[in-house]
Every structure is written in C-alpha cells, then in structure tokens.
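Since the structure comes first, as structure tokens, the remarks are kept for the end.
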Amino acid sequence: MDSAEFHTAVYHVVRQIPPQKVTSYSHIAKLIGMPRHARHVGQALKFLSLDVTPPVPWHRVISAAGTISSRGPGTTGAQRQREALEAEGIEVTDGRTGDFRVNLATWGWFPALGTVSTGGHEAPVNDTSSQ
DNA sequence: TGCCTGACGACCC
DNA sequence: CGGGTCGCCAGGC
C-alpha cells in the first residue's frame, strides 16, 4: 500500500463514522490494517482538501486519550474542530491546560475489525470458526 | 546516511 | 487527571 492508497483508505473509513460519534487516529489505523500508523492517519487528514465529495467528517477523529489534537501554538484548527463537534451535538469540555476533551465512554465509536469497509480489496475478517 | 519532526499511543508514577 | 519517557514510521532536509 502506497501513500495515496493509505490516504484513500483513511478517508473511506472516516466517512463511515456515524454522526455524534468520534473515534481515534489509532483505531482508524487498526481498521485499515496498519495499527502502528496512527501518526500517519493524522497526516492523511492534514492533507485532506476540504471540498472533496463526498465530504470527509475529519472532525470526528481525535486522540485515543479523548483530547482534540493541537495543530501547534498559534493555530486555530483544534478550536474549529471543537466547534464542528458541538455543532452536531457532541459535548466538548475544557481540560486544565486549555485542551479540549470528549468523553469517549459516551461519544466513542470503536467498531471491531472486519465490521467496517476499508474501501480496498482487503478481505473482511470472517472467522466463523472461532466465534 | 543520519537526524529531526509530527492532527499518535502505551506506560509509569 | 497530569506530566514525562519511549516507541513508531514516513518525510524533509
């Protein structure tokens, strides 16, 4: 899988996150079969053009700790993400150090591997013998 | 080739 | 919860 395919797979999975739900970079990475590439999921979203169709709900992807990742001092990306989440009804709280947090127990969406389409030709996990 | 850098994460205390 | 450390891996330079 090259870089372009990786980005495509990321967008495909992100589009399946239900409204009023959030998931993590690492879970996206696991779903597309590359569990150690959480950081690269972030890169894929960073390079996402906002006017792609169908739209990619990038704001529903946060860190596994439930915090909205900062884009660096002086940037407003995290703030815009917070507003996008609240606009669809997700509760965002303020952390002590000024970070934004989402309660994953309430808003988290972490489907098991094989239950989500990755958009590629990867065979879905269908291990009926062990279930 | 080597070192630094991230929209990250698991651990530890 | 919060702060610090270390591991990961593709890109940039």
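Every value quoted in this text rests on a predicted model; they were computed, and no experiment measured them. Each chain gets a letter, A, B and so on, in the order its sequence line appears, and its residues count up from 1.
Exactly one residue among A:V56, A:V14, A:V10 makes a side chain to side chain contact (heavy atoms under 4.5 Å, CB included) with A:L48. That residue is A:V56.
Atom-to-atom, CE of A:M34 to P of C:dA10 comes out at 7 Å; the value is rounded to the nearest Å. In this structure, A:H7 places its NE2 atom 13 Å from C1' of C:dC9, rounding to the nearest Å.
The CG atom of A:D94 sits 6.5 Å away from atom CZ of A:F100, with the distance rounded to the nearest 0.5 Å.
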Less than 3.5 Å apart, which donor and acceptor atoms pair up between the side chains of residues 24-43 of chain A and the rest of the protein, not counting sequence neighbours?
from: A:S24; atom 1: OG; to: A:S26; atom 2: OG; distance (Å): 3.1
from: A:S24; atom 1: OG; to: A:H27; atom 2: N; distance (Å): 3.1
from: A:H27; atom 1: NE2; to: A:P111; atom 2: O; distance (Å): 2.7

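Inspection of the A:Q20 and A:R60 side chains reveals no N or O donor paired with an N or O acceptor under 3.5 Å. For the 3.5 Å distance criterion, the side chains of A:H12 and A:S117 qualify, holding a donor opposite an acceptor.
Evaluation of the salt bridge (Lys or Arg N to Asp or Glu O under 4.0 Å) rule for A:E83 yields no partner, not counting sequence neighbours. Considering only residues two or more places apart in sequence or on other chains, A:D2 meets the salt bridge (Lys or Arg N to Asp or Glu O under 4.0 Å) condition with none of them. For A:E91, the salt bridge (Lys or Arg N to Asp or Glu O under 4.0 Å) criterion is met by no residue, not counting sequence neighbours.
Residues of residues 90-98 of chain A that place a heavy atom closer than 4.0 Å to DNA chain B do not occur.
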Contact letters for nucleotides 5-13 of chain B, in which S counts primed atoms plus P, OP1 and OP2 and B counts the base, heavy atoms under 4.0 Å:
-BBBS----
